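Quick caveat, the model's predicted, so the values are computed rather than measured. Below, read A as the first sequence line, B as the second, and so on, with proteins coming before strands; counting in each chain starts at 1.
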There are 2 protein chains.
Amino acid sequence: MRLVIARCSVDYEGRLQAHLPEATRLIMVKADGCVAVHADGGAYKPLNWMNAPNRLSEDDEGWTVTSPKGEVLRIWLHEIYADSSHEMGVDPGLQKDGVEAHLQELLARDVEMLGNGWKLVRREYPTDIGPVDLLCRDDEGMAVAVEIKRRGEIDGVEQLTRYLDRLDRDGNLSPVRGVFAAQEIKPQARVLAEARGIRCVTLDYDELRGIESNELKLF
Amino acid sequence: MRLVIARCSVDYEGRLQAHLPEATRLIMVKADGCVAVHADGGAYKPLNWMNAPNRLSEDDEGWTVTSPKGEVLRIWLHEIYADSSHEMGVDPGLQKDGVEAHLQELLARDVEMLGNGWKLVRREYPTDIGPVDLLCRDDEGMAVAVEIKRRGEIDGVEQLTRYLDRLDRDGNLSPVRGVFAAQEIKPQARVLAEARGIRCVTLDYDELRGIESNELKLF
DNA sequence: GTGTATATCTCGGGG
DNA sequence: CCCCGAGGTATACAC
C-alpha cells in the first residue's frame with residue numbers, strides 16, 4: 001500500500017464528471033491498483049476514487065488513472081508532503097455475524113417461531129423473478145411465503161408482494177399467504193403490509209440464537 | 001489525519017458483530033474522529049470502521065472506539081510499523097455533474113421533450129408519501145407524473161406506481177398518467193412499467209445539455 | 001455475463 | 001432527530 005500526502009486537485013470523468021479543487025489530501029493506492037483520495041473528514045468514503053482494474057501512469061505534473069471502461073481519474077500533484085509504501089500481505093478477511101443471511105438460517109431452523117405446526121418447504125424458494133426467503137406450510141397445509149429483513153421497510157413489502165403475486169399463480173400453492181419478518185419494522189412498512197393482508201413479525205435475534213444454543217445443548 | 005500501519009486484530013460490536021484476525025493493516029483516524037481499518041485491497045471500503053461522533057481511548061494493548069449509539073470498535077495493536085499525523089485543513093469538497101438532480105433540472109426546463117404542448121406544474125410535487133420528480137399537464141390538460149432516474153430499474157417503477165396511486169385520489173388531478181424517464185431502462189423495469197400502463201422514455205443526457213446550450217445561446 | 005438483493009451501506013435533504 | 005431517496009453505490013450470489 002502506498003500512501004501519499006499532497007496538495008492536489010483532481011478531475012474524474014466516467015460515470016459522471018467531478019472536480020476537486022486544490023487542497024491537501026491523502027492519496028491511497030492499494031496492492032490491487034485501486035486509488036482513493038481522502039479528505040480529513042467525512043466517514044470512510046473517499047472524495048474520489050478509481051476501482052481496480054486500472055492503469056496508473058505518472059508524469060511530472062501528477063497521475064493519470066485509466067479504467068478499461070473508459071473512466072479517467074487525473075490527480076494533479078502540486079506539492080508532496082509524504083510518500084511511503086508498506087507491505088501488508090493478503091488479509092484473512094472479516095468474519096461477520098448478525099446479517100440477514102444469518103437471520104434466515106436461524107428462522108429456517110425453527111419456523112415454528114412463526115406458528116405452531118408450521119413446516120419449512122425450502123429456503124430461497126425460486127420464482128421467475130427471484131427467490132423467496134422461506135416457503136412454508138402452516139398447520140393446515142396452506143402455503144406461506146416469508147420475507148426476512150434485518151430492517152423492514154417499504155421496499156421489502158413490495159418485494160414480498162411481487163413474490164406472492166407470482167406464487168399465487170401456481171395451482172399447487174395457491175392461495176399463498178405472506179409473512180414479513182424483521183428485527184425492526186418501520187411503521188410505514190407495517191401499514192402497507194397489513195393493508196395487503198401480510199402479517200408482520202418482529203424477530204429477536206438473541207432469542208433466535210438462544211433457540212439455536214438450546215438445540216445444540218440437546219446433542 | 002493520523003495514519004498508523006500496524007499488525008492488529010479488531011472486534012466490532014454494534015449494528016452487527018464482526019472480527020478481524022491478526023494481520024498488517026492501515027488504521028486511519030480523521031479529524032472528525034472517524035476511524036477506518038484498511039487492508040491492502042478490496043476497493044475503497046475499509047474492513048472495519050467507526051463513524052463520527054465517537055470517543056477514542058488508548059491503552060497499552062490498543063484502542064477502544066465507542067459511539068454514543070453503543071457501538072464499540074476494539075483495535076488490538078500487536079506491532080506498530082509507522083505512526084504519522086498530517087494537517088490538512090477543511091476540504092473545499094467535490095463538485096459533481098451529471099447526477100439525477102441535473103437530469104431533473106434539464107428535463108424540467110423542457111418538458112416538451114416528453115410531448116408537444118406539455119407544461120410543467122412543478123418539480124418535487126409533494127404527496128403524503130414523498131415528492132414526485134415532475135408533475136406536468138399534457139396538451140389536453142391531463143395530469144402526468146414523471147419519475148426520473150439515471151438507471152431505470154424495478155424499484156423506480158414501484159416508486160412511481162405508489163405516487164400515481166396517491167395522486168389519483170386527488171379529484172383535481174385524477175386521472176393521472178405516469179412517465180418513467182431514465183438514461184437507461186432495464187428490460188424488466190420496462191416490462192413492469194408497461195404492464196401498468198406507464199410510458200417509458202429514454203433520456204439522452206448530451207441532447208438535454210444541447211437544448212440547454214441552445215437556449216443559453218438565444219440570450 | 002445479466003439480474004436481483006443486501007449493506008455496520010454512505011450521504012444529503014427536508015420536516 | 002428520523003425519514004426518505006440517490007449513489008460513479010459496491011458486493012455477493014444465482015441463473
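- Within the structure, every pair that satisfies the side chain to side chain donor-acceptor pair (under 3.5 Å) test and touches residues 31-48 of chain B, not counting sequence neighbours, is listed here: A:Lys30-B:His38.
- B:Asp155 is linked by a salt bridge (charged side-chain N to carboxylate O under 4.0 Å, His left out) to nothing, counting only residues two or more places apart in sequence or in another chain.
- Evaluation of the salt bridge (charged side-chain N to carboxylate O under 4.0 Å, His left out) rule for A:Arg196 yields A:Glu158 as partners, not counting sequence neighbours.
- Contacts with DNA chain D (heavy atom under 4.0 Å) in residues 64-77 of chain B: none are found.
- The salt bridge (charged side-chain N to carboxylate O under 4.0 Å, His left out) search around A:Glu153 returns A:Arg151, A:Lys186, not counting sequence neighbours.
- Every side-chain contact (heavy atoms from CB on, under 4.5 Å) that A:Asp206 has, sequence neighbours left out, goes to A:Asp204, A:Arg209.
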Under 3.5 Å, which protein N or O atoms sit close to an N or O of nucleotides 13-15 of chain C? Give each pair with its distance.
none

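- Distances shown here put a side-chain N or O of B:Lys45 below 4.0 Å from the OP1 or OP2 atom of C:dT8.
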Nucleotide N/O to protein N/O under 3.5 Å, stretch nucleotides 1-5 of chain C:
| unit_1 | atom_1 | unit_2 | atom_2 | d |
| --- | --- | --- | --- | --- |
| C:dG3 | O3' | B:Gln188 | NE2 | 3.2 |
| C:dA5 | OP1 | A:Tyr163 | OH | 2.6 |

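- Every salt bridge (charged side-chain N to carboxylate O under 4.0 Å, His left out) that B:Glu58 has, sequence neighbours left out, goes to B:Arg2.
- Within residues 4-43 of chain A, the residues that have a heavy atom under 4.0 Å from DNA chain D are, in order of number, A:Tyr12, A:Arg15, A:Leu16.
- Scanning for side-chain contact (heavy atoms from CB on, under 4.5 Å) contacts around B:Asp165 gives B:Arg169, with sequence neighbours left out.
- With sequence neighbours excluded, the residues satisfying side-chain contact (heavy atoms from CB on, under 4.5 Å) with A:Asp138 are A:Trp118, A:Glu140, A:Met142, A:Val144, A:Arg177.
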